[in-house]
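One structure is given here, and the rest of the page talks about it.
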2 protein chains.
Amino acid sequence: MNFQQLRFVREAVRRDFNLTEVANALYATQPGVSRAIKELEDELGVEIFERRGKRLTGLTEPGAALLEVVERVLLDTSNLRQIAAQFSGSDQGSLQLATTHTQARYALPQVIKQFKAAYPKVHLGLHQANPVQIAAMVIDGRADIGISTEALDRFPERITSPCYDWHHSIIVPAGHPLESVKPLTQEAIAEYPIITYDEAFTGRSHIDEAFAAAGVAPDVVLTAIDADVIKTYVDVGLGIGIIASMAFDATRDQTLRLLDGAHLFASNTTRLAVRRGKFLRGYALQFIRMFAPTMSEAELTAAMRANDP
Amino acid sequence: MNFQQLRFVREAVRRDFNLTEVANALYATQPGVSRAIKELEDELGVEIFERRGKRLTGLTEPGAALLEVVERVLLDTSNLRQIAAQFSGSDQGSLQLATTHTQARYALPQVIKQFKAAYPKVHLGLHQANPVQIAAMVIDGRADIGISTEALDRFPERITSPCYDWHHSIIVPAGHPLESVKPLTQEAIAEYPIITYDEAFTGRSHIDEAFAAAGVAPDVVLTAIDADVIKTYVDVGLGIGIIASMAFDATRDQTLRLLDGAHLFASNTTRLAVRRGKFLRGYALQFIRMFAPTMSEAELTAAMRANDP
DNA sequence: TATCCTTACGGAATTCGTAAGCATG
DNA sequence: CATGCTTACGAATTCCGTAAGGATA
């Protein structure tokens with residue numbers, strides 16, 4: 001048994017049991033992967049993969065049981081390197097963040113600026129993705145930290161902690177009739193064509209729920225993934241926008257007006273996620289402290305130690 | 001990084017940093033061990049071991065941090081083999097029990113007989129040791145299951161569960177004056193020379209506590225590790241004995257009388273211990289169910305899954 | 001001086017890639 | 001017939017033991 005075999009097995013699962021892809025991904029040749037896996041199966045005395053003819057089609061039952069432990073072993077070997085790097089004193093390293101547009105654009109810049117000043121030698125990677133992809137990236141190790149509002153729960157492999165709450169608000173072109181409607185209601189808003197986030201993004205579900213609860217059917221004429229696009233089309237006069245409040249910048253967006261929507265939409269919580277059992281370098285912990293001071297030290301060490309994939 | 005290097009590191013710690021011993025224990029040569037460790041240190045970029053001149057003297061700080069994860073990796077690789085063996089369907093295998101004389105002699109025989117009937121092909125190893133050794137054997141993997149009354153707690157690496165309660169009683173030669181003393185008190189017992197267990201064995205501490213609580217200083221003339229020896233000397237007339245009740249066999253011990261001591265000594269709980277995070281074969285779980293039916297299935301799976309060394 | 005670790009060298013074993021063969025969809 | 005796994009062979013690398021050297025208690 002060796003680490004290479006375990007890596008091949010893990011990658012085979014991730015790459016949908018295509019050993020050619022595994023070979024490419026791990027800089028090996030396909031016959032090498034094929035043989036390594038077979039040797040591991042021989043040594044353990046069980047078939048790890050289901051095979052139809054010569055093709056692998058899935059995990060066997062023992063394979064699934066083994067995979068769980070294989071994942072943990074590989075995570076731990078990566079942890080060994082991280083721990084060593086931590087002690088080798090160098091403040092060099094890499095920190096990969098996976099996050100959505102909204103966070104990257106409006107919430108993270110200040111923190112990242114602060115972080116870069118503190119750790120100039122750390123290579124910071126910012127990966128923009130949708131919440132589901134973010135979750136996957138945290139779990140498989142491509143990202144050290146995930147930051148997102150939706151779909152970050154429901155995976156035992158991840159530990160999440162709330163960073164801050166926010167809510168949606170309305171943006172309208174300056175001089176719009178809605179500016180004088182007080183209090184603002186879902187009904188009043190639904191009078192106008194609406195531009196807002198794409199499904200599965202930036203708390204969109206809470207917007208839909210708010211209208212449904214009020215018994216109103218909004219006319220969503222355009223959806224976008226980020227507030228910049230939404231603002232652009234509101235500016236053009238295509239309709240009114242519903243965006244995260246923090247995405248409005250009074251200085252920059254002088255042609256628009258923000259109408260507070262705290263009472264209209266359920267609040268959203270932006271959460272930060274780390275892989276359970278993954279060792280985090282000192283600077284990664286520091287980043288978390290900067291961005292999510294609510295995450296207690298106890299929670300953090302628990303996240304790094306606990307290991308129950 | 002390879003498994004061999006990790007094994008060498010772990011064994012070096014266990015063997016008090018003597019690489020020559022490590023080499024012998026793991027069927028390798030001393031230069032091989034030496035080089036493997038150095039290569040690992042080079043790869044990780046940190047010194048794992050403290051060195052005074054050419055000798056290893058202990059773990060460095062990073063070494064200690066790494067060791068924790070190394071242990072888990074090695075435990076998990078052993079788990080991989082166990083899981084595979086579990087599924088390869090064979091009911092062959094090995095089950096190593098570590099236990100004290102009292103358990104081996106009086107509590108285990110019935111269970112082991114039953115177990116052997118159910119799993120004739122499993123090689124059963126019974127290792128008699130003192131409670132501290134038993135704890136160590138469970139932790140370092142020499143034993144799959146530890147059974148003992150004292151000193152089985154206080155290690156986060158182990159999960160223990162109570163099996164059954166028992167208490168100490170008095171044995172006297174037939175016709176002894178104590179037979180007619182009712183109720184029996186610590187004071188009455190302390191009138192006679194006492195033969196009982198050695199310190200750190202079979203609940204001895206509870207005996208001492210009972211006398212101390214009663215303000216009596218017993219005259220312990222002889223201590224032994226097992227009840228058979230105690231009974232022998234009671235038979236010879238050296239004094240009265242205090243032994244675990246279950247160690248008295250009315251049929252076999254016809255020259256002796258058992259005087260119940262339930263009201264005199266605090267009860268003892270025999271506990272079973274397994275290594276946290278260690279995968280247990282089906283027959284091992286079955287053994288536990290036979291011997292400690294109080295240990296819930298949930299507790300068992302938790303023990304096998306959780307992994308926080 | 002005995003114990004214990006390191007370095008140097010050479011052989012053994014393992015690993016891995018190339019090329020050819022064969023099954024699947 | 002294109003994709004994907006297997007087998008065969010040979011090269012490169014890695015691993016590991018023996019032998020000699022040097023430090024420590």
Side-chain angles (χ1 to χ4, degrees), chain A residues 1-60 62-63 66-67 70 73-74 77 80-81, chain B residues 1-60 62-63 66-67 70 73-74 77 80-81:
Chain A
M1 194 188 313
N2 60 49
F3 288 117
Q4 189 73 326
Q5 293 167 336
L6 304 186
R7 269 191 291 269
F8 288 158
V9 167
R10 176 177 69 175
E11 202 65 22
V13 176
R14 291 188 180 171
R15 306 258 165 195
D16 209 28
F17 312 105
N18 182 327
L19 299 193
T20 308
E21 269 191 51
V22 171
N24 293 335
L26 299 183
Y27 307 103
T29 58
Q30 184 275 320
V33 173
S34 195
R35 185 178 34 228
I37 288 180
K38 192 164 321 186
E39 280 170 2
L40 179 61
E41 290 183 321
D42 284 350
E43 183 178 345
L44 293 179
V46 290
E47 302 246 299
I48 297 173
F49 295 103
E50 297 274 7
R51 291 168 168 83
R52 182 157 36 235
K54 284 194 168 183
R55 313 226 166 160
L56 308 205
T57 57
L59 283 169
T60 60
L66 289 167
L67 180 67
V70 168
V73 169
L74 293 174
T77 62
L80 285 174
R81 293 181 203 284
Chain B
M1 193 187 318
N2 59 46
F3 288 117
Q4 189 74 326
Q5 293 167 336
L6 304 186
R7 270 191 290 270
F8 288 159
V9 167
R10 176 177 69 175
E11 201 65 22
V13 176
R14 292 189 179 171
R15 306 260 165 193
D16 208 27
F17 311 104
N18 182 328
L19 299 194
T20 309
E21 268 190 54
V22 171
N24 293 335
L26 299 184
Y27 306 105
T29 57
Q30 183 273 320
V33 173
S34 195
R35 182 179 36 227
I37 288 181
K38 192 165 322 195
E39 280 169 2
L40 179 61
E41 290 182 322
D42 284 350
E43 182 177 345
L44 292 179
V46 290
E47 302 247 298
I48 297 173
F49 294 103
E50 296 274 7
R51 291 168 167 83
R52 180 155 42 232
K54 287 195 169 184
R55 314 227 168 162
L56 309 204
T57 56
L59 283 170
T60 60
L66 289 167
L67 180 67
V70 167
V73 169
L74 293 174
T77 62
L80 285 175
R81 293 181 204 284

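Only this structure's heavy atoms are used, side chains among them; waters, hydrogens and symmetry mates stay out. Sequence lines set the chain letters: A, B, ... in the order given, protein chains first and strands last, and positions in each chain run from 1.
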For this session: Mind listing the residues from residues 9-25 of chain B sitting with a heavy atom below 4.0 Å of DNA chain C? Number order is fine.
Result: F17(B), N18(B), L19(B), T20(B)
Seminar exercise, completed: Residue pairs meeting salt bridge (Lys or Arg N to Asp or Glu O under 4.0 Å), one or both in residues 29-42 of chain B, sequence neighbours left out, come to E41(B)-R51(B)
Exercise. Just by modelled atom types, is the M1(A) backbone N or O under 3.5 Å from a matching donor or acceptor in the E43(A) side chain?
Worked result: yes
Seminar exercise, completed: Across all chains, not counting sequence neighbours, the side chain to side chain contact (heavy atoms under 4.5 Å, CB included) partners of N2(B) are Q4(B), Q5(B)
Seminar exercise, completed: Residues of residues 36-48 of chain B with a heavy atom under 4.0 Å from any atom of DNA chain D, listed by number, are none
Problem set entry | Shortest non-hydrogen contact between A25(A) and E11(A), atoms and distance | CB-OE2, 4.0 Å
When you compare the protein's N or O atoms with those of nucleotides 18-24 of chain D, which come within less than 3.5 Å of each other, and at what distance?
unit_1	atom_1	unit_2	atom_2	d
dG21(D)	N2	K54(B)	NZ	3.4
dT24(D)	O2	R55(B)	NH2	2.6

Problem set entry | Any L66(B) side-chain heavy atom under 4.5 Å of V46(B) side chain | yes
Problem set entry | Non-hydrogen side-chain atoms of V70(A) and V13(A) separated by less than 4.5 Å | no
Seminar exercise, completed: Nearest heavy-atom contact between V9(B) and I37(B) is CG2-CG1, 4.5 Å
For this session: Can you sort out the partners of R55(B) under side chain to side chain contact (heavy atoms under 4.5 Å, CB included), two or more places apart, ordered by chain and number?
Result: none
For this session: Work out which heavy atom in F17(B) is nearest to a heavy atom in T57(B); give both atom names and the distance.
Result: CD1-O, 3.8 Å
Problem set entry | Whole angstrom value for the distance that separates C1' of dT14(C) from CG of N2(B) | 12 Å
Problem set entry | Flag, side chain of T60(B) to backbone of E50(B), donor-acceptor distance under 3.5 Å | no
